[in-house]
There are 2 protein chains.
Amino acid sequence: MNNKKVPEGTISRIFIYLREITELVKLNIHTISSAELGERTNLSDAQVRKDLGYFGQFGVSGAGYNTQELKTALEKILGKDRAWNVAVVGAGHLGSALLTYPGFKERGLDIVAAFDSDSRKVGKQMKEITVQPLEELPRVIQQKKVSIGIIAVPAKEAQGVTDMLVKLGVGCILNFAPTSLNVPDNVKVKDVDLSRELETLSYFLVNKKAQYA
Amino acid sequence: MNNKKVPEGTISRIFIYLREITELVKLNIHTISSAELGERTNLSDAQVRKDLGYFGQFGVSGAGYNTQELKTALEKILGKDRAWNVAVVGAGHLGSALLTYPGFKERGLDIVAAFDSDSRKVGKQMKEITVQPLEELPRVIQQKKVSIGIIAVPAKEAQGVTDMLVKLGVGCILNFAPTSLNVPDNVKVKDVDLSRELETLSYFLVNKKAQYA
DNA sequence: CAGAGTTTGTGCCAATTTTCACAAAGTATA
DNA sequence: TATACTTTGTGAAAATTGGCACAAACTCTG
Ligand SMILES: NC(=O)c1ccc[n+]([C@@H]2O[C@H](COP(=O)([O-])OP(=O)(O)OC[C@H]3O[C@@H](n4cnc5c(N)ncnc54)[C@H](O)[C@@H]3O)[C@@H](O)[C@H]2O)c1
Ligand SMILES: NC(=O)c1ccc[n+]([C@@H]2O[C@H](COP(=O)([O-])OP(=O)(O)OC[C@H]3O[C@@H](n4cnc5c(N)ncnc54)[C@H](O)[C@@H]3O)[C@@H](O)[C@H]2O)c1
């Protein structure tokens, strides 16, 4: 264990390990080595050990990691021993897909509200959630103690919606709109720009020959 | 200009610059400095210059960059002077959202086919695309010269579908399934794990106090 | 319980990426 | 045209990140 800053990549990978470990516990596998865990996650054994090392010492030399213990420890550290309340703004194609996805709840991410400015969308029921008008946003966000917001509105609406959320104390935002959001330093934004992901892949194709020349 | 390997992050950011520059051209703004471009994209001026520097010299000292020229140059370099054929496998909630999204085509990413193993989904029309049965995949992928595949099937189906695509010569894959895919070295996979993105954000909340302590 | 084998945790090094900083090259003005 | 100002392009420094390698810690077997 050390006090050094944990790299962003490590945090992301830790959740991969946790996902795998959870699977192993279900399969009644009690022990796993960093090498095996790396194999299953397409990462190196050294990477696995180094990543876990940021959070503590969980392993046993010569034996590996106890899956149940590691699972419990990681869940505690990562804040997975509680659920997080999430709100989706924009109940269009993408917003709807997110609202109906059961995988979030399974992982402690509880979508508790959805908003849309279009009256035709308002009132729609999706799973347990009813789409509410944008006017309700301030009240509901505070009442339901939402700490994570998802932006699924068109790009030119994104900054405005973001400002509302930030003002209400939402601490982080997952942004699907292809635009750069401005937020204060204490708010964390994660962009998911799908066009850009595909474009980056296409660039790989453009330069494939070069790479292997 | 140099022959050095271009960092992945640079490639991703270059598309951000291009998006912004395209906007500027539309707004009839003819010139922009690295500082201004950085401002608009939440990146540093040095980062902007260094990134562009991997691809050539586009600026004019004392003046900045000509937006139209930079746009044309970047589009050429990035392979945006042509379109890429994309196929979506899995026409469920997420797949449908992707199929109806007009933003891809605008950026030269042409979804030309969609497949689903569920007969209830097959035949559905979404924009110009009709969902086809999985059996048609090999024929269609080759006929339509698909070079990018999008995996939007459940996690346990993902590897099987991936293997099919890889076998047919698809060069890169955007994977939405929360699982680690195994592919040969010459195939590029980009994972979009939305649960993990949200989890990573929640970790930020857990450690927010610590960060500012 | 001794000796062989396994696996962790981590210091150190290598590679990559970002930031700094400034000479060189331009613009603008009068 | 000269002078002041602006901005680029890029080496060199700093920071971050990933991989190696091995002592130490533990297990397993006979
Ligand atoms: N659908 C995709 O596959 C896809 C892919 C990449 C990026 N995106 C991005 O994700 C975002 C959403 O995409 P989508 O396909 O769901 O679009 P969509 O048009 O289907 O849905 C957007 C929704 O936002 C609502 N809205 C508009 N302004 C609003 C506001 N100010 N407050 C609240 N709601 C508002 C609209 O009424 C609509 O229901 C867009 O920014 C888009 O560029 C989507
Ligand atoms: N919807 C979301 O918001 C969301 C969020 C995070 C991750 N994901 C992931 O994205 C993937 C798709 O999610 P979804 O919500 O669209 O699920 P979904 O169940 O709505 O759609 C999956 C589709 O894949 C089809 N399918 C199943 N096996 C197939 C196969 N072998 N070949 C072709 N098609 C097959 C199904 O018939 C179904 O239509 C899943 O892996 C999910 O975990 C989705």
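These numbers come from the heavy atoms of this one structure, side chains and all, not from hydrogens, waters or symmetry mates. Residue numbers start from 1 in every chain, and the chains themselves are labelled A, B, ... in the order their sequence lines are given, proteins ahead of strands. Note that this is a predicted model, so its numbers are computed, not measured.
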Can you tell me the distance, in whole Å, between the CG atom of A:Leu37 and the P atom of C:dT6?
20 Å
For B:Phe58 and D:dT10, give me the distance from atom CZ to atom P, rounded to whole Å.
11 Å
State, yes or no, whether a side-chain contact exists between B:Tyr54 and B:Lys50 at a heavy-atom distance under 4.5 Å.
yes
Interatomic distance where CG belongs to B:Asp45 and P belongs to D:dG9 [whole Å]
12 Å
Interatomic distance where CG belongs to A:Leu70 and P belongs to C:dT8 [whole Å]:
11 Å
Donor-acceptor pair, side chain of A:Asn85 and main chain of A:Val112, under 3.5 angstrom:
no
Any carboxylate oxygen within less than 4.0 angstrom of a Lys/Arg side-chain nitrogen, looking at B:Asp45 and B:Arg49?
yes
Which is more 5' along DNA chain D, the nucleotide nearest B:Ile32 or the one nearest A:Glu8? Just name the residue.
B:Ile32
Closer than 4.0 Å, any side-chain N/O of A:Gln47 to the OP1 or OP2 of D:dG19?
yes
Phosphate OP1/OP2 of D:dG9: any B:Arg49 side-chain N/O under 4.0 Å:
no
Nucleotide D:dT17, atom P - distance to CG of A:Asp51 in whole Å:
11 Å
From C-beta outward on B:Ser61, which listed nucleotide comes closest to its side chain: C:dA25, C:dT17, C:dC20?
C:dA25
Inspect the contact between B:Glu36 and B:Arg40 and indicate whether a charged nitrogen and a carboxylate oxygen are less than 4.0 angstrom apart.
no
Can B:Arg196 and B:Asp191 be counted as an ion pair, charged N to O under 4.0 angstrom?
no
Quick one: on DNA chain D, does A:Ala46 or B:Ala46 contact a more 5' nucleotide (nearest heavy atom)?
B:Ala46
Taking for each residue the nucleotide of DNA chain C bearing the nearest heavy atom, is the 5' side occupied by B:Ser44 or by A:Ser34?
A:Ser34
Grab the CD1-P distance between B:Ile14 and C:dT18 for me, whole Å please.
12 Å
Just how far, in rounded Å, is P of C:dT19 from OH of B:Tyr54?
12 Å
B:Phe55 CZ to D:dT10 P: how many Å, rounded?
14 Å
For the side chain of A:Lys50 and the base of D:dG19, is some donor closer than 3.5 Å to an acceptor across the two?
yes
If you only use heavy atoms from C-beta on, which nucleotide in C:dT18, D:dC26, C:dT27 is closest to the side chain of B:Ala63?
C:dT27
Looking only at side-chain atoms of A:Gln57, point me to the closest of C:dG9, C:dT17, C:dC20.
C:dG9
Output the single nucleotide from D:dG9, D:dC26, C:dT10 whose closest atom is nearest the side chain of B:Tyr65.
D:dG9
For C:dT18 and B:Arg13 - does any side-chain N or O of the residue sit under 4.0 Å from the phosphate oxygens OP1/OP2?
yes
